[in-house]
Number of protein chains: 2
Amino acid sequence: MRYSKQRELVHASIMSSKDHPTADRIFSEVKKEIPKISFGTVYRNLGQLVEHGFIRIIQLDGITHYDGNVDPHNHFICNECNRIYDFELDNEDFISQVEVKNHHHVSGYQLMVTGTCNKCNIN
Amino acid sequence: MRYSKQRELVHASIMSSKDHPTADRIFSEVKKEIPKISFGTVYRNLGQLVEHGFIRIIQLDGITHYDGNVDPHNHFICNECNRIYDFELDNEDFISQVEVKNHHHVSGYQLMVTGTCNKCNIN
DNA sequence: AAAATAAATAGTAATCATTACTGTTTAGTT
DNA sequence: AACTAAACAGTAATGATTACTATTTATTTT
């Protein structure tokens, strides 16, 4: 993968964003630095970054978001403020439930929890 | 919601299908009975059936599928045969983990587990 | 049972996200 | 400095979904 300024900025945009931006948002962000960048370039680089394990895709209500945190973690989506929070989980229990009760072999999972977040709960 | 043959068949198609069909698959299926049905009709009825809680949407790799089982359950996707299995889970443990450790209030969740299924594991 | 009404339909056009294509530019190599 | 293949910008194409409109039809009212 040859260096390009475009890919660097696409990556940087995701890493600096504390939420999980869409391709559209990343495009707008990078456009500030490289006004002539095209959508194809953003998508191509997103694909490569995913392929090489630098970022990860998360699907939310059918919309594709990108996540710079590639360590295993889960997402909590607040129904009120729509913020997406990362959280970790002790998952041995439910993985073993699936393995023992259903006799499948588990290699991974994606968990998305919804509700109201601690900030919105205060009111 | 006024009765229509089209909606009845859209619903019936999902209920009789043991996997989780896409809009496209449902369209083809219903077309056998009503050759002049249009895609708009399928989408509109899917939307209404979801809205009234008769069916449920599941997203899988960014592709929208429909599920006639509205009882709480989770999905296991086999990486080898691509079958989707339903399974239930004792989830009190991880829900309380999120509530206690992160102080969010949980109202629902979606869990998608991947791996190799018991049929594919035999070989 | 006929007339009235509003919901649902078929067919088509429009939208939106994503991918494909093409000729030009550019990072890294010889 | 010349070379080569990867990456680019710009644009066209695709595929899923939604919007629009004139017509049909389920249900209610007379």
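If you're wondering where the values come from, they're calculated on a predicted model, not measured in any experiment. So that the names make sense, note that chain A is the first sequence line, chain B the second, and so on, each numbered from 1.
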B:Phe94-B:Tyr109 aromatic ring centre distance below 6.0 Å:
yes
Just how far, in rounded Å, is P of D:dT18 from CD1 of B:Ile57?
9 Å
Value in whole Å for how far the C1' atom of D:dA9 lies from CZ of A:Phe27
10 Å
Let me know the distance between NZ of A:Lys31 and P of D:dC8, rounded to the nearest Å.
15 Å
Are B:Val106 and A:Ile84 connected into the same hydrophobic cluster when the rule is that any two of I, L, V, M, F, W, Y join if their side-chain heavy atoms are below 4.5 Å apart?
no
Give a yes or no on whether the ring-centroid distance for A:Phe54 and A:His11 is below 6.0 angstrom.
yes
Can you find a pair of side-chain heavy atoms, one from A:Thr22 and one from A:Phe27, that are under 4.5 Å apart?
no
What is the ring orientation for B:Phe76 with B:Phe87, classed by angle as parallel under 30°, tilted 30 to 60°, or perpendicular over 60°?
perpendicular
From CD of B:Gln59 over to P of D:dA16, roughly how many Å is that when rounded to an integer?
13 Å
Does OP1 or OP2 of D:dT25 have a side-chain N or O of B:Gln6 closer than 4.0 Å?
no
Under 4.0 Å: is that the gap between some side-chain N or O of A:Gln48 and OP1 or OP2 of D:dA7?
yes
Side-chain H-bond candidate by donor/acceptor type, B:His105 with B:His103, under 3.5 Å:
no
note: B:Ile34, atom CD1; C:dA8, atom P; distance rounded to Å ~ 15 Å
Could you tell me how far apart B:Glu8 (CD) and D:dA26 (P) are, to the nearest whole angstrom?
12 Å
Whole Å only: how far is the CZ atom of B:Arg7 from the P atom of C:dA10?
12 Å
May I ask you to check whether A:Tyr85 and A:His75 place their ring centers less than 6.0 Å from one another?
no
Mind calculating the distance between NZ (B:Lys5) and P (D:dT27) to the nearest angstrom?
13 Å
Give a yes/no on whether any side-chain N or O of B:Ser38 is located under 4.0 angstrom from OP1 or OP2 of C:dT9.
no
List the protein contact pattern of nucleotides 13-30 of chain C with one symbol per nucleotide (5' to 3'): B for base contact, S for sugar-phosphate-only contact, - for none; contact means a heavy-atom distance under 4.0 Å.
----SBB------BBS--
OP1 or OP2 of D:dC8 sitting under 4.0 Å from any side-chain N/O of A:Lys36?
no
